[in-house]
Enquirer: 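Encoded as structure tokens, here's the structure I'll be asking about.
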Amino acid sequence: MNDESDSEMMYRFRHFQFSDSEEHQQEPERILCDSMLWCADPRMFNDPFDCKPNLVMTDIPVDEAVHRAEAMIRRRGLPPHHPQAMALMRSAREGRFSSPELREALRRGMQESIDRSSVCCFNGKWDDPRMWAQYADNHRGYCLAFELDGDWPEDAVPFHVKYVEERPQIDLAADTMEDTDAADRYIDDSIFTKSIHWRGEQEVRIFRPDVPPGLLAFPPSALKAIYLGLQIQPANRDRLVAAANKRGQRIPIYQLHLHQARYEFELEQIN
């Protein structure tokens with residue numbers, strides 16, 4: 001990339017195939033004029049395994065089950081004689097804390113929590129033709145370059161995705177509310193782990209737990225460049241240039257061209 005910064009970069013491919021939503025139709029201006037990115041519903045991702053954790057449950061001793069039941073009751077603010085509190089304590093004392101019914105309830109609750117959240121995805125390269133074909137409408141869209149180590153909000157920090165051959169097992173018996181290491185492993189294995197089939201994307205993503213799909217304000221200084229696809233329509237190119245010109249901080253805009261001798265792109269700065 002023709003950028004003076006030595007910081008690590010991440011890239012977001014976009015297109016002009018808008019839905020009927022007015023918010024979606026105004027996306028280029030939202031990004032370039034308002035410094036806002038859309039965080040998506042993880043249930044809509046193209047990888048069927050994405051954000052679908054492999055949840056298992058190991059048996060735990062009765063005394064540990066009672067301890068966790070008491071902690072759950074305290075966190076919920078339930079009085080000891082509340083019906084739910086009494087039922088939970090009874091299940092723990094009778095060794096039913098890891099029953100199939102409770103396991104399924106825990107699994108469903110954890111999956112529903114992920115489904116209520118939102119994710120913003122980036123790629124590790126701007127010059128991969130497959131990414132342009134898949135995520136930028138066959139080179140008719142554009143790509144945004146962001147600084148990964150920019151001044152991102154504390155609740156919206158980008159992290160790299162890791163790629164593995166087998167789905168990690170996530171133990172429902174781990175106390176993610178009390179054990180911060182267990183909580184970190186749960187997020188890492190559930191949200192930031194994917195199959196090696198997707199490793200070419202070199203993905204970076206922002207996860208917003210229990211925040212529904214919507215707009216995320218990003219630091220304006222994090223946006224470093226715009227790349228225009230080989231087949232972008234002139235009207236869309238002009239739209240992006242006009243929006244970029246309204247930013248307080250000037251950013252370079254590059255038009256992609258085919259290299260004459262190699263399977264590479266050449267860049268022409270047009271502003």
Enquirer: So, does Q111 use its side chain to make a donor-acceptor pair with the main chain of C51 at under 3.5 Å?
Expert: yes
Enquirer: With distance as the sole test, does R12 use its side chain to make a donor-acceptor pair with the main-chain N or O of C120 at under 3.5 Å?
Expert: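 No, R12 side chain to C120 backbone: no donor-acceptor pair under 3.5 Å.
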Enquirer: Would you check, one step at a time, whether the test side-chain contact (heavy atoms from CB on, under 4.5 Å) holds for L37 with I31?
Expert: CA-CA 6 Å; L37 288 171; I31 297 172; 4.1 Å; yes
Enquirer: Indicate yes or no: does R185 engage D171 in a salt bridge with an N to O separation below 4.0 Å.
Expert: no
Enquirer: Does R167 have more than 12 heavy atoms from other residues, nucleotides or ligands lying within 6.0 Å of its CZ?
Expert: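 Yes.
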Enquirer: Under a 4.0 Å N-O cut-off, is there an ion pair linking K162 with D189?
Expert: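 Salt bridge flag = yes for D189 with K162.
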Enquirer: So, are D155 and R208 salt-bridged, with charged N and O less than 4.0 Å apart?
Expert: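 Result for this pair is no, no salt bridge flagged.
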Enquirer: Examine distances only and state if a side-chain atom of T193 and a backbone atom of D188 form a donor-acceptor pair shorter than 3.5 Å.
Expert: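 Yes; judged by distance alone, with no hydrogens or angles, the pair exists.
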Enquirer: Check whether more than 12 heavy atoms from other residues, nucleotides or ligands sit under 6.0 Å from atom NE2 of H81, and answer yes or no.
Expert: no
Enquirer: Less than 4.5 Å apart, side chain to side chain, heavy atoms only: is that true for I270 and R237?
Expert: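 In contact.
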Enquirer: Does R30 come within less than 4.0 Å of E27, counting only side-chain N to carboxylate O?
Expert: no
Enquirer: When you group the ILVMFWY residues by side-chain heavy-atom contacts below 4.5 Å and let the links chain together, are I191 and F49 in the same group?
Expert: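 Unlinked, F49 and I191 end up in two clusters.
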Enquirer: Atom CZ of F192 and atom CD of E203: how far apart are they, to the nearest 0.5 Å?
Expert: 9.5 Å
Enquirer: Flag the pair E201 and R130 as a salt bridge only when some basic side-chain nitrogen lies within less than 4.0 angstrom of an acidic carboxylate oxygen.
Expert: no
Enquirer: Each residue besides L215 in its hydrophobic cluster should be listed here, by chain and number; the cluster joins Ile, Leu, Val, Met, Phe, Trp and Tyr at side-chain heavy-atom distances under 4.5 Å.
Expert: M36, W38
Enquirer: Taking the side chain as everything from C-beta on, heavy atoms only, tell me whether L78 gets closer than 4.5 Å to L88.
Expert: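 No. Closest side-chain heavy atoms not under 4.5 Å.
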Enquirer: State the NE2-CD distance between H160 and Q202, to the nearest 0.5 angstrom.
Expert: 9.0 Å
Enquirer: Can you establish whether the number of heavy atoms outside E268 located under 6.0 Å from its atom CD is more than 12?
Expert: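 Counting other residues, nucleotides and ligands, CD of E268 exceeds 12 neighbours.
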Enquirer: Going by heavy atoms in the side chains, are L223 and I251 under 4.5 Å from each other?
Expert: yes
Enquirer: As a test of understanding, state which of R14, Q17, H15 forms a side chain to side chain donor-acceptor pair (under 3.5 Å) with D137.
Expert: Q17
Enquirer: Ignoring hydrogens and angles, tell me if any N or O in the side chain of E165 forms a donor-acceptor pair with the backbone of S195 under 3.5 Å.
Expert: no
Enquirer: Could you tell me if the side chain of M10 sits less than 4.5 Å from the side chain of P158, heavy atoms only?
Expert: yes
Enquirer: I'd like to know if the side chain of R247 reaches the main chain of P220, judged simply by a donor and an acceptor atom lying under 3.5 Å from each other, with no hydrogens or angles considered.
Expert: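 At least one qualifying donor-acceptor pair exists.
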Enquirer: Do F16 and P28 have side chains that get closer than 4.5 Å, going by heavy atoms?
Expert: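 Of all side-chain heavy-atom pairs linking P28 with F16, at least one is under 4.5 Å.
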Enquirer: Should we say atom CG of N46 is surrounded by more than 12 heavy atoms from elsewhere, each under 6.0 Å from it?
Expert: yes
Enquirer: With rounding to the nearest 0.5 angstrom, report the SG to CD distance, C33 to Q26.
Expert: 9.5 Å
Enquirer: Out of the candidates F146, F218, Y135, only one should pair with F122 under the ring pair (Phe, Tyr, Trp, His ring centres under 6.0 Å) rule; please name it.
Expert: F146
Enquirer: Could you tell me whether the side chain of S113 and the main chain of G109 form a donor-acceptor pair under 3.5 Å?
Expert: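 Such a contact is absent between S113 side chain and G109 backbone.
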Enquirer: Between W132 and F13, is the ring centre distance below 6.0 Å?
Expert: yes
Enquirer: Does H257 have more than 12 heavy atoms from other residues, nucleotides or ligands lying within 6.0 Å of its NE2?
Expert: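 For H257, atom NE2 is crowded (more than 12 foreign heavy atoms under 6.0 Å).
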Enquirer: Assess the residue pair E112 and I114 against the criterion (side-chain contact (heavy atoms from CB on, under 4.5 Å)); give the C-alpha distance rounded to whole Å, side-chain angles, the decisive distance to 0.1 Å, and a yes or no.
Expert: CA-CA 5 Å; E112 288 175 353; I114 293 175; over 6 Å; no
Enquirer: Only counting residues at least two apart or in another chain, list the ones meeting salt bridge (Lys or Arg N to Asp or Glu O under 4.0 Å) with D41.
Expert: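 By the salt bridge (Lys or Arg N to Asp or Glu O under 4.0 Å) rule, D41 matches R43.
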